Amino acid sequence: MSSEPTAAAPAAPTVVKGGSWRERVQQLMALAGLLLIFLVFSVASPQIFPGYSNVTTILFSTTVVGLLALAATLVIISSGIDLSVGTAMTLSAVMSATFIVNWHLPVWLGIIATILFGGLIGLINGFNVAILGLPPFIATLAMMLVAQGLALVISNARPIYFDTTEHAGYIWLSTGSIIPGTRFPNAVLVLALAAVVAFVLLNKTLLGRYDISIGSNEEATALSGINTKKWLMIIYAVAGLFVGLAAIMISARLGSAQPATGAGYELQAIAAVVIGGTSLSGGKGTIVGTVIGALIIAVINNGLQILSVRQEWQNVILGLVILVVVYIDQARAKRAATT
Amino acid sequence: MRKISIGLAALGVAASLTLAACSSGTPAASGTAGGTASSGEKPYIAIVSKGFQHQFWQAVKKGAEQQAAKDGVTITFEGPATEAEVEAQMNMLTAALAKKPAALGFAALDSKAAAPVLQQFKDANIPVVAFDSGVDSDIPVTTAATDNKAAAGEAAKHMCELIGGAGTVGVMVHDQTSRTGQDRRDGFLDGMKANCPSVKVLDPQYGKGDPNVSADIASSIIEANPDLKGIFLANEGTAIGGIKATKEKNMVGKIVLIGFDSGKDQIDAINDGTMAGAITQNPVGIGEQVVAAAVKTLHGETVPKVIDTGYYWYDKTNINDAKIQAVLYQ
């Protein structure tokens, strides 16, 4: 943002450092918000809402949107946007079923192929943005439509079912429980693991450093000798890997690839990212914030359902929460900038 | 680099053409039964449906194609991607008009929105056969549809019996705006009131027909209501979610699931005891009736104003009956 072109290389770390204090406050705020919302629901429904079983339900329902939100975070930090994550997930799920059910690949190979396929979709997005120079909004909007259509074409507009005995391992990935006796769904562990990977990528690797740097000032980053085009493609491709993983988790839970679903998930994912404090103008954002954002959405949805609030109001309340959270964040940022 | 861009652009064009071809529907070859000699003069019937992705619509399409082959007509069958895309359906309707079909089969997403275009069909002397949900207009010569209210009422009757007339029952519907959503919800609620008024029926919840979203909602309902005895699931996508949640929450055998329509998940769930039973419409029959009524009208015959295409209750005991098997789809 403030870095001069010639001083960009040394400036990039300062951007990270300057952001990290703010980010820490932001994360604490988001966490406080999550706890507050959780507390309110716990008081309103002390018997059911905070129980182990319901908390598991909430965590489980966070999985798919959470994984997509991880993907969206990486892209949004680069000051891009990815509207294709929802339907790219659907297309990848259809491919997963094609690999495993129709082509009879071993489950483990099908999983790897599916994650890579998600990465391929991301790579194409990255190519269209970085090399062809299309605005991310347009490039990924186009991909959203292409993926939605191809999912229907490839599946013949029919769900593809996994075999509950032959592919039991696949379904187990989501609904099974590796921790014996807990009924704690594996899907939640997968999300946690993916979040750790994303955290390390963003905070401990060149990818994360350049992601933030490109999002802060792409031109300056390029002038400092970094191949921003290459790195943008890598960022979109890595985001795609998380989309591929989301595809596996949703199709494993449903025991089938459902080609007609997926649209709308991208907005849930972006909402989670925004609630988590990642700026849509790029250059800043955290994985912890995104996970908290996804949890806030899941807690609100579940809590309102537990309280039997009429469903029409659930979206209204979620929308208001987004407005309030982002407003508070911006007001605080402005105050911090003036003092 | 330029070569790559051109290649990619070409790929994009190819992909969009594929999409266009897919969404505009494929003309059904219908020369198999009636001989291929007169293929040039076959009447053309355009069918604009509420969707084409759902297995239900695929079954309607199949019925329409079968009847078209029998009656020696050609058809096209198309519908918007989701049942919320009223405007996309209007565009399909005007496009169909431009092709000057001999007759139109039409399932309205929003019958009021469609009224002006339907008037144009009438002005062009193209008979309109409504199907699935009614059109608030006297333009259609007939309406071939399931009585969704009565069908959901039947589901309520079975629910009351199966839970023994006491406890709490959840209701999950695909959406609050479509005619089928409203009719099935209201039919079920009325049926519960009539058959077992002492059962507590929860506020209906809506999962957009998305199995994953519906599974999350069903899980919440199960969590929130320890005395839950059953859940009514008003369409296929909703039912898949309800089945998954019941298994995930280890509630198989403890709650009574009653579904709607068919599809592999519901059929499997009924066979393995996760789901008590379901109501099926007759989608193949709807498709057949649409084409048959259109052909009759073209031949100058009169058709009844309403064609009730019927519904069936099916469970473990009758799922393999020929009559039921004929209307189920995987």
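Reckoned from all heavy atoms, side chains included, excluding hydrogens, waters and symmetry mates. These numbers come from a predicted model, not from an experiment. In what follows, chains carry the letters A, B, and so on, assigned in the order in which the sequence lines appear, proteins first and then strands, with residues in each chain numbered from 1.
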Nearest heavy atoms of B:Ser220 and A:Ile306, plus distance in Å:
O-CD1, 3.6 Å
Interface moiety of A:Pro185 toward chain B, non-hydrogen atoms closer than 4.5 Å:
neither
Hey, what do you get for OG (A:Ser174) to NZ (B:Lys244), rounding to the nearest 0.5 Å?
10.0 Å
For B:Glu248, which atoms come within 4.5 Å of any heavy atom of chain A: side chain, backbone, both, or neither?
both
By the salt bridge (Lys or Arg N to Asp or Glu O under 4.0 Å) test, which pairs, at least two apart or in different chains, include something from residues 204-216 of chain B?
A:Arg253-B:Asp216
Quick one: what part of A:Gln47 sits under 4.5 Å from any heavy atom of chain B, side chain, backbone, both or neither?
neither
Which answer fits B:Asn250, side chain, backbone, both or neither, if we ask what part of it has an atom under 4.5 Å from a heavy atom of chain A?
both
Are side-chain heavy atoms of B:Ile217 and A:Gln305 found at a separation under 4.5 Å?
yes
Checking B:Lys249 against A:Thr57 for the side chain to side chain contact (heavy atoms under 4.5 Å, CB included) test, could you report, in this order, the C-alpha distance in whole Å, the side-chain angles of both residues, the deciding distance, and whether it holds?
CA-CA 9 Å; B:Lys249 292 271 144 203; A:Thr57 302; 2.4 Å; yes
Cut-off 4.5 Å, heavy atoms of chain B, and the answer for A:Val65 is neither
So, the part of A:Ser45 with a heavy atom under 4.5 Å from chain B: the answer is neither
Could you tell me whether B:Glu87 atom CD has more than 12 heavy atoms of other residues or ligands within 6.0 Å of it?
no
Which bit of B:Ile222 comes within less than 4.5 Å of chain A, counting heavy atoms only: side chain, backbone, both or neither?
neither
A side-chain contact here means heavy atoms from C-beta on lying under 4.5 Å apart; do B:Ile240 and A:Gln258 qualify?
yes
Check each of A:Ile48, A:Thr56, A:Val55, A:Ile58 against B:Glu223 using the side-chain contact (heavy atoms from CB on, under 4.5 Å) test, and report the only one that passes.
A:Ile48
Using 0.5 Å steps for rounding, measure from the OG1 atom of A:Thr164 to the NZ atom of B:Lys247.
7.5 Å
Among A:Leu254, A:Asn301, A:Asn302, A:Leu307, the residue with the most heavy-atom pairs under 4.5 Å to chain B is A:Leu254
Report the C-alpha separation of B:Asn212 and A:Thr261 in whole Å, then their side-chain angles, then the decisive distance to 0.1 Å, and conclude whether the side chain to side chain contact (heavy atoms under 4.5 Å, CB included) test is met.
CA-CA 9 Å; B:Asn212 190 50; A:Thr261 61; over 6 Å; no
Which atoms of A:Phe49 approach chain B - backbone, side chain, both or neither, heavy atom under 4.5 Å
neither
Taking atom NZ of B:Lys254 as the centre, report whether more than 12 heavy atoms of other residues, nucleotides or ligands fall under 6.0 Å from it.
yes
Are A:Arg158 and B:Lys264 close enough that some pair of their side-chain heavy atoms sits under 4.5 Å apart?
no
